[in-house]
Amino acid sequence: MDRNKYLYINTIGCQMNVYDSDRIATLLHPLGYRRTDTPGRADLVVVNTCAIREKAEQKAFSFLGRLAELKRKRPEMIIAVGGCVAQQEGRHILTRAPCLDLVFGTGAIGRLPRMVARVESRRCRIVDVETGAEIDEFEYPQGGAGEGAVSRFVTIMQGCDNFCTYCVVPYVRGREMSRRPEEIVQEIEGLVRSGVREVTLLGQNVNSYGKKEGWCAFSELLARINAVPGLARIRFTTSHPKDLSEDLMTAFRDLDKLCNHIHLPVQSGSDAVLDRMNRRYTRAAYLSKVERLRRCRPDIAITSDIIVGFPGEGRADFEATLDLIRTVEYDSLFAFKYSDRPNAPAARFSDAVSEAEKSDRLRKVLDLQESYTLRKHRALIGTTACVLVDGPSKRQEQGETGAGIQWSGRAADNKIVNFTALKEDLSPPPDLTGRQVRVDIEDAFLHSLGGKMIVREPSRVKGEKIYAA
Ligand code: SAH
Ligand code: SF4
Ligand code: F3S
């Protein structure tokens, strides 16, 4: 093995990129690369980019600008750019960012070690944005990067075939392809062996998992994962409303490890806008699925994405979106100003909405949602939440706490819970990282809940060791 070399990865974008960055680190490990948090110290910098909105793209280029300066001081530093902007721009990116040594697309991650080795020995520039018809099989060496994590992402499918008219993903991630169920279960078993307690399954449209390939249905995959011993929780994202099946709704009722949270992006409350977005569901169909979901799992938390200012979105369309938010009463929302993507058809649609109007609409959506989020959080004061502990809270790490130790984790419905924990004799509790604990909720904020637990003897609930509050 070579001497230790340092790898810095800047991950921009969605969970798929977070997962890919971990794969990149794991694949480069045998070449002698260890991760560092300091770009200035790195021998190799990888920028894993996102093309979903113009802002995300700008973030990548401004970081590349900073790297160019670092490279002037340390010319031996290798700079690589991967992810969705790399896939979209291909070799053009070399002209825009002359400091680059390597450009690799979203289907080229498996070939990265070979490319890096070539750049190291020959100092040549390489571009690989080839995409195959076969899934880039994941070869995820067990353990590897990110050891010690309680929760991990697992990509179950790549690409997207939905072609929503605003979206770049089908162009930069290619056609939809699903991994074999056995490979996924094996990967999760490996993660559990290395201490992981929760997995989030990733796909742009998990409901169509395995359909093309003839693997099992998504609900069946969930049932198989539910049977993995030692795993405490399963989450997934994203579920396209048009394909949300009855099977999946009943899985929320039947599978004990499946968390009571679904991210079900609606994008707009107006049928005319949904049609021009090519979402292929109506407002009424969406609302009816929400109702059925709540019947299957009354405590389910529902979150969503909203785009404001899609071309042609008139005042009445926007009011319909606000009205839908009031009807559903989401637990939380991500809202975005529509951003033209050169590859996507909506960039050529007429009746663009002005930037000022988009900002105004975004503010209105966020304000409205804040009132629901706060109301829902306040209603939880006085209840007990089952929290999977990620570790000491940030404040704790910075040593700013008062009495008791501050921990942080997530309730099953995905809400962040920060809490203090003390033993009955007021001595400090054991390390709670990776444990499920019961926390009395006492405070409600916009982005988190606050609470307290008294550590007593462990009790057994549903076969799972839960520390009683
Ligand atoms: N596959 C997921 C979405 C992935 S992209 C789904 O269909 O639900 C995440 C979110 O980014 C989308 O839900 C959408 O709200 C937003 N988004 C995508 N393209 C956008 C664009 N051009 N402008 C603004 N927001 C966009
Ligand atoms: Fe984009 Fe639509 Fe695919 Fe989601 S379903 S990734 S929004 S094209
Ligand atoms: Fe961005 Fe690519 Fe994800 S465009 S949102 S990183 S799939």
Side-chain angles (χ1 to χ4, degrees), residues 9-21 24 47-60 81-89 105-107 109 129 131 153 155-177 201-209 236-244 262-269 273-274 276-281 286 302-311 313 321 330 333-349 352-353 355 358-359 361-362 365:
I9 308 184
N10 181 358
T11 310
I12 306 167
C14 67
Q15 296 101 325
M16 299 246 169
N17 270 9
V18 174
Y19 178 85
D20 286 348
S21 289
I24 290 168
V47 192
N48 200 1
T49 59
C50 171
I52 201 84
R53 285 168 290 275
E54 200 183 344
K55 247 191 182 162
E57 219 174 291
Q58 281 164 357
K59 212 165 157 183
V81 66
C84 297
V85 177
Q87 189 64 46
Q88 177 182 272
E89 301 291 316
T106 50
I109 294 174
V129 286
T131 48
F153 297 124
T155 292
I156 62 165
M157 55 204 296
Q158 300 176 332
C160 183
D161 289 348
N162 283 319
F163 292 95
C164 302
T165 54
Y166 50 80
C167 185
V168 75
V169 171
Y171 307 95
V172 291
R173 290 273 171 171
R175 296 289 56 75
E176 203 168 275
M177 287 183 273
L201 311 176
L202 301 179
Q204 297 298 349
N205 181 17
V206 292
N207 290 302
S208 53
Y209 169 79
F236 63 81
T237 195
T238 303
S239 179
H240 193 301
K242 80 175 158 56
D243 297 319
L244 175 61
I262 188 167
H263 187 59
L264 198 62
V266 69
Q267 315 298 357
S268 167
V273 174
L274 287 172
R276 272 181 287 125
M277 287 177 164
N278 192 31
R279 289 292 285 180
R280 287 177 283 167
Y281 52 82
Y286 181 91
I302 305 181
T303 58
S304 193
D305 293 342
I306 300 277
I307 296 178
V308 297
F310 186 76
E313 183 190 72
T321 298
Y330 290 107
L333 268 185
F334 295 98
F336 309 102
K337 289 194 261 185
Y338 166 76
S339 164
D340 267 342
R341 301 288 66 217
N343 280 334
R348 294 178 293 280
F349 287 5
V353 176
E355 273 308 305
K358 281 185 205 168
S359 301
R361 291 181 189 180
L362 183 70
V365 167

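Just so you know, ligand 1 is whichever comes first in the structure, and atom 1 is the first atom listed for that ligand. No hydrogens, no waters, no symmetry mates; every other heavy atom, side chains included, goes into these values. It should be emphasised that the depicted structure is a prediction, and the values quoted were computed from it without experimental measurement.
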Asker: How far is atom 19 (N) of ligand 1 from its nearest protein heavy atom, and which residue and atom is that?
Answerer: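 Its nearest protein heavy-atom neighbour is Tyr166 CD1, 3.3 Å.
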Asker: To the nearest 0.5 Å, what is the distance between CD1 (Ile307) and CG (Leu362)?
Answerer: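 Answer for the CD1-CG pair, Ile307 versus Leu362, is 11.5 Å.
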Asker: Closer than 4.0 Å to some heavy atom of Gln204 - which atoms of ligand 3 meet that?
Answerer: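 Answer, ordered by atom number: 7 (S).
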Asker: Any idea which atoms of ligand 1 are less than 4.0 Å away from a heavy-atom of Arg53?
Answerer: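 Counting from 1, the qualifying ligand atoms are 11 (O), 16 (C), 17 (N), 23 (N), 24 (C), 25 (N), 26 (C).
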Asker: Among protein heavy atoms, which sits nearest to atom 9 (C) of ligand 1, and what does the distance come to when rounded to 0.1 Å?
Answerer: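 It is Asp305 OD2, 3.8 Å.
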Asker: Would Thr106 and Gln158 satisfy side-chain contact (heavy atoms from CB on, under 4.5 Å), going step by step from the backbone distance to the final call?
Answerer: CA-CA 10 Å; Thr106 50; Gln158 300 176 332; over 6 Å; no
Asker: Does ligand 1 have any atom sitting under 4.0 Å from a heavy atom of Lys337?
Answerer: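 It does; at least one heavy atom falls under 4.0 Å.
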Asker: List the steps and the verdict of side-chain hydrogen bond (donor to acceptor under 3.5 Å, both in side chains) for Asn48 and Asp20.
Answerer: CA-CA 8 Å; Asn48 200 1; Asp20 286 348; 5.1 Å; no
Asker: Is Arg53 close enough and on-axis enough to Phe336, meaning under 6.0 Å and within 45°, for cation-pi?
Answerer: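 Yes, a cation-pi geometry holds between Arg53 and Phe336.
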Asker: Work out whether the distance between some heavy atom of Gln267 and some atom of ligand 2 is less than 4.0 Å.
Answerer: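 No; Gln267 lies far enough from ligand 2 that no heavy-atom distance drops under 4.0 Å.
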Asker: Which atoms from ligand 1 have a heavy atom of Pro265 less than 4.0 Å away?
Answerer: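 What qualifies from ligand 1 is 8 (O).
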Asker: Relative to atom 1 (Fe) of ligand 3, how many protein N, O or S atoms have a separation of less than 2.8 Å?
Answerer: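 Of the protein's nitrogen, oxygen and sulfur atoms, 1 lie under 2.8 Å from atom 1 (Fe) of ligand 3.
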Asker: Everything protein-side that's N, O or S and under 2.8 Å from atom 3 (Fe) of ligand 2: list it, residue and atom.
Answerer: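 Within the sphere that stays under 2.8 Å of atom 3 (Fe) of ligand 2, the protein atoms of type N, O or S are Cys160 SG.
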Asker: Starting from atom 1 (N) of ligand 1, find the nearest protein heavy-atom neighbour and note its residue, name and distance.
Answerer: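 Nearest protein contact, heavy atoms only, for atom 1 (N) of ligand 1 is Gln204 OE1, 2.8 Å.
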Asker: Of the protein's non-hydrogen atoms, which lies at the shortest distance from atom 7 (S) of ligand 3, and what is that distance?
Answerer: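 Result: Arg173 NE, 3.4 Å.
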Asker: Output yes when the distance from some N or O of ligand 1 to some N or O of Ser339 is under 3.5 Å, and no in every other case.
Answerer: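 Checking ligand 1 against Ser339, an N or O pair does fall under 3.5 Å apart.
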Asker: Does Lys337 pair with Glu54 as a salt bridge, N-O distance under 4.0 Å?
Answerer: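 Answer for the salt bridge query: no.
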Asker: What's the separation between atom CZ in Phe163 and atom CZ in Arg280, rounded to the nearest 0.5 Å?
Answerer: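 Between Phe163 CZ and Arg280 CZ, I get 10.0 Å after rounding to 0.5 Å.
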Asker: At a 4.0 Å cut-off, with the gap strictly under it, does some heavy atom of Lys358 reach an atom of ligand 1?
Answerer: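 The answer is no: ligand 1 sits nowhere under 4.0 Å from a heavy atom of Lys358.
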Asker: First locate atom CG of Asn162, then atom CD of Glu176, and finally report the distance between them rounded to the nearest 0.5 Å.
Answerer: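 If we round to the nearest 0.5 Å, Asn162:CG and Glu176:CD are 6.5 Å apart.
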Asker: Mind listing the closest non-hydrogen atom pair of Gln87 and Gly105 along with its distance?
Answerer: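 The answer is OE1-CA, 3.0 Å.
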Asker: Write out the residue and atom name of the closest protein heavy atom to atom 6 (C) of ligand 1, then the distance separating them to 0.1 Å.
Answerer: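 Sorting protein heavy atoms by distance from atom 6 (C) of ligand 1 puts Thr238 CG2, 3.9 Å first.
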Asker: Taking 4.0 Å as the limit for heavy-atom contacts, which would you say applies to Ile52 with ligand 1: side chain only, backbone only, both, or neither?
Answerer: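 Ile52 to ligand 1: contacts from backbone and side chain alike.
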Asker: Going by the order shown, which atoms of ligand 1 are within less than 4.0 Å of some heavy atom of Arg341?
Answerer: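 So the atoms of ligand 1 that pass are 22 (N).
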Asker: Is there a side-chain hydrogen bond (donor to acceptor under 3.5 Å, both in side chains) between Ser239 and Asn207 once you walk through the steps?
Answerer: CA-CA 6 Å; Ser239 179; Asn207 290 302; 2.7 Å; yes
Asker: Nearest to atom 14 (C) of ligand 1, what protein heavy atom do you find, and at what distance?
Answerer: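 Answer, as residue, atom name and distance: Gln267 OE1, 3.5 Å.
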Asker: Give me the nearest non-hydrogen protein atom to atom 7 (O) of ligand 1 as residue plus atom name, then the distance to 0.1 Å.
Answerer: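 Its nearest protein heavy-atom neighbour is Arg279 NH1, 3.2 Å.
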Asker: Tell me the protein heavy atom at minimum distance from atom 7 (S) of ligand 2, and give that distance in Å.
Answerer: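 That would be Tyr166 OH, 3.3 Å.
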Asker: Of all the heavy-atom pairs spanning Cys167 and Ile52, show the shortest one and how long it is.
Answerer: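 Shortest heavy-atom separation between Cys167 and Ile52 comes out as SG-CD1, 4.1 Å.
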Asker: Can you name the closest pair of heavy atoms from Ile306 and Val266 and give their distance?
Answerer: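 Nearest heavy atoms, Ile306 then Val266: CD1-CG1, 3.7 Å.
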Asker: Using side chain to side chain contact (heavy atoms under 4.5 Å, CB included) as the criterion, point out the one residue from Ile12, Val172, Val85, Thr11 that pairs with Cys50.
Answerer: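 The side chain to side chain contact (heavy atoms under 4.5 Å, CB included) with Cys50 is passed solely by Ile12 among Ile12, Val172, Val85, Thr11.
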Asker: Could you tell me which atoms of ligand 2, counted from 1 in the order shown, lie closer than 4.0 angstrom to a heavy atom of Arg279?
Answerer: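 Every atom of ligand 2 under 4.0 Å from some heavy atom of Arg279: 2 (Fe), 7 (S).
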Asker: Based purely on interatomic distance, does Tyr338 place a nitrogen or oxygen under 3.5 Å from a nitrogen or oxygen of ligand 1?
Answerer: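 In this structure, Tyr338 places no N or O atom under 3.5 Å from an N or O of ligand 1.
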Asker: Give a yes/no on ligand 1: does Asn205 have at least one heavy atom closer than 4.0 angstrom to it?
Answerer: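 Asn205 does not count as a contact of ligand 1 under the 4.0 Å cut-off.
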